[in-house]
Amino acid sequence: LIYYRKGQKTLKRFLSIRVLFKAFYLMRCKLYLGIKFLKKRIWRKLVSIVRRFRSKMWKIFNQTRKKIIAISRSILKRPPVMKLKRALFDGYMSFSAGRLPYRMSPETPKQVNQLLIFGDMGLGNFLMFTPALAALRKQYQDAEIVVLFFKSRGAEHVAKENPDIDRLVSIEMPKRSGIFPFLRLIRTCSKEKIRPDMIVARWNGNPYVSLLTMWLRAAYRVGHVSSAGFKGYYDDVFNFPVPMSEDEHEVERNLDLVRVLGIQPQSSKMYMPVCSSNRREAEELITKRGFDISKLVCLQTGSSDLQHWKRWPESHWIQLTEKLDRLGYECVFIGSRDEAKIARSIIEKTNLAEHGDRINVCGELSLNGTAALLENSVGIICNDSGLMHVAASVGTPIVGLFGPTEFDRTRPYVDNCTILRKDCDCNHGTLFDRQTLKKIEACDRPCLKKTLPDEVIQCVVKNMPIEEQ
C-alpha cells in the first residue's frame, strides 16, 4: 500500500510536469508564430509605405523634369539663344568641314567602291530621282549603291525592287532632331558597314544629312546647296555643290547632281518596277470584278492626312463620277487602305452606290499591283500625290488636280499629263515652312474649289477617248 501510494504520487508528479512542459511548448510555439506573423505584417506595411513613397517621389520627379524641359525649351527658343546655338553649330561645322578630305572640288572620280544616297523622300520624290539613280548605276557599275531612309514614307517599297540599288537601309528617326537620334544613326551606319567613297544628297532640309556627311568623311560629297528659296543646314560639307534654279523641275534638279560629276544622263524617264506577278495580281482583280479595261478610268480621291489640303472637294468628285458614268466610262477608285473610307463616302452619294464594293479597290492591291492596274487603264484622275507619279512612270494619261503646291516643280515629267489649277492666295512659292502651312490651313482653298468637274470632263474626253464616244 505504501509503495502503491508512493508510486501514485510519483505518477501524478510526472504527469503534472509533462503537462507543464506541454503547455510551455505550446506557449513557445504560439509566441514564435505570433512573432513571425507580426514580422510579416510589419514587413508588408513597410514595403507598402516604401512603394507609396517611391511612386510619389517618381511623380514629383517627372513633374519637375517636364517643367525643367518646358522652361529649357522656352529659353532655347528665344531669339538670342537661337542665334547663339546657330553660331555654335556653324562654328563646329566649319571646324569639322575644314578637316574633311578633298576640301575643294576634286577631279571626277573614276572608280567608286561604295556610293551612299540619302533617301529621305516620299514616293513621288523617289520616282523623280530614279533617272539620276540609273545614270549613277551606269557610270559606276562595280560600286555598291546603298540607299539610306530615315523614316518610312512609302518610297522604300519601290526602292526595294529597283535593280539599280544593291542595299536598302531603313531607320525610324524621331521628328525632333537631337544628339541621341544622331548617335543611333551613327551606330546603324557602323553596324551596316556603311563606309562610302561618295555621298549623293538631294535637298530635303534634314539636319542629319549634313551631320552624317561630315561624320562619314567620304572623299566625294555631292549635294544640293541653299538656292532658289531653299535654305540648307550647312553647305560647306559638299565638295561638289549643286545650286538649284527656281523654274527647274525636280527631275532636272536631281539630274544636275549627276551632271556635276561629268556624267551625261541618257534619259529622264522615271522607273517604276512592275513584274509579271504584279501584272497577274492586277489581271486577277480585273477578272474578279468584271472590269472592261477599254473603258476603265482610275480615280484617286485621297492624300496623306498631313497634307489633306491637297484633296479636291468631295462634292466635285460626286459630280465627276456620275458624269463619267453617263459618258460610258467605268470608274474604279484606287489608293491605300486609309483612302478606302474617303472613296466609300463618295460612292454612297452617287448613282453607283449599289456597285460600291465592286469599284472601290482601295487597299486591295500592292503598290506595284496598282501600277500594273494603271498600265491596263485608259487614264487616271487624281490629286497631287505619289500615285500620280506612278501613273507617269508606267505611261498612263493623267489629269492632275493641283492646289497649293508647286506644280511647275513637282508635276509629272511626261507629255501625256494635263494639270488643272487655279490661282489663289494660299499658293506658296517654294518652301513648306510653318508660316506657309498655317496660311494654307486657314485658307478656304479656292484653287481647288474653282476647278470644276466640267473642266475635268473636257480633259478626259480629249486625252482619254473610248470607243463608244
Side-chain angles (χ1 to χ4, degrees), residues 120-128 151-155 158 204-205 229 249-251 270 297-321 333-346 362-363 367 370 374 379-393 396 398-414 417-453 455-456 459-460:
D120 187 23
M121 48 186 119
L123 174 60
N125 291 337
F126 180 79
L127 289 173
M128 288 188 282
K151 53 187 174 182
S152 177
R153 293 171 63 180
V158 180
N204 55 16
H249 194 272
E250 190 74 13
V251 173
M270 297 183 291
V297 174
C298 297
L299 307 180
Q300 198 252 333
T301 59
S303 65
S304 65
D305 291 335
L306 293 175
Q307 296 181 339
H308 60 90
W309 33 263
K310 286 185 175 183
R311 297 171 187 168
W312 204 37
E314 185 179 294
S315 58
H316 289 11
W317 282 113
I318 293 168
Q319 294 178 42
L320 177 68
T321 305
F333 290 79
I334 62 172
S336 64
R337 189 176 285 104
D338 298 333
E339 298 173 26
K341 188 177 179 181
I342 301 170
R344 196 182 304 114
S345 175
I346 292 168
C362 294
L367 186 58
T370 304
L374 287 168
I380 181 174
I381 306 166
C382 58
N383 299 317
D384 177 17
S385 62
L387 275 182
M388 179 177 62
H389 296 283
V390 171
S393 303
T396 305
I398 304 164
V399 176
L401 307 169
F402 274 72
T405 48
E406 289 180 276
F407 75 100
D408 287 331
R409 184 175 65 85
T410 60
R411 62 179 174 80
Y413 204 54
V414 289
C417 175
T418 305
I419 299 300
L420 295 177
R421 177 181 182 266
K422 306 293 183 181
D423 292 329
C424 81
D425 295 334
C426 70
N427 289 339
H428 77 287
T430 52
L431 267 175
F432 279 114
D433 54 7
R434 291 182 181 178
Q435 293 181 353
T436 307
L437 286 172
K438 286 181 180 178
K439 190 177 179 182
I440 291 171
E441 291 284 352
C443 181
D444 198 31
R445 292 182 284 284
C447 51
L448 283 168
K449 291 182 178 179
K450 287 180 182 177
T451 304
L452 301 176
E455 299 177 56
V456 180
C459 296
V460 170

Legend entry - 4.5 Å side-chain heavy-atom contact, I380 and I334: yes
Legend entry - With sequence neighbours excluded, residues passing ring pair (Phe, Tyr, Trp, His ring centres under 6.0 Å) with W317: W312
Inset, instruction - Using a 4.5 Å cut-off on heavy atoms from C-beta on, say whether the side chain of L299 contacts that of T321. - result: yes
Legend entry - side chain to side chain donor-acceptor pair (under 3.5 Å) against S315, all qualifying residues, sequence neighbours excluded: none
Inset, instruction - Determine yes or no for a side-chain-to-main-chain donor-acceptor pair under 3.5 angstrom, with D384 supplying the side chain and F402 the backbone. - result: no
Inset, instruction - May I ask you to test the L448-W309 pair for a side-chain heavy-atom distance under 4.5 Å? - result: no
Legend entry - Side chain proximity check, R409 to H249, heavy atoms < 4.5 angstrom: no
Legend entry - Nearest-0.5 Å distance that lies between atom CD in Q300 and atom OG in S385: 3.5 Å
Legend entry - Any residue meeting side-chain contact (heavy atoms from CB on, under 4.5 Å) with S393, in chain and number order, not counting sequence neighbours: L127, M270, M272
Inset, instruction - Tell me, please, which residues at least two apart from T418 pass side chain to side chain donor-acceptor pair (under 3.5 Å). - result: N463
Legend entry - Any side-chain heavy-atom pair of C459 and L420 under 4.5 Å: yes
Inset, instruction - Give, for atom CG of L320 and atom CG of L452, the distance between the pair rounded to the nearest 0.5 Å. - result: 11.5 Å
Legend entry - Qualifying residues under salt bridge (charged side-chain N to carboxylate O under 4.0 Å, His left out), relative to K449, sequence neighbours excluded: D444
Legend entry - L123 side chain near L367 side chain, heavy-atom distance below 4.5 Å: yes
Legend entry - Qualifying residues under side chain to side chain donor-acceptor pair (under 3.5 Å), relative to R311, sequence neighbours excluded: S303, D305
Legend entry - side chain to side chain donor-acceptor pair (under 3.5 Å) partners of E455, counting only residues at least two apart: K422
Inset, instruction - To the nearest 0.5 Å, tell me how far R411 CZ sits from M128 CE. - result: 10.5 Å
Legend entry - M388 versus T410, closest heavy-atom pair with distance: CE-O, 4.3 Å
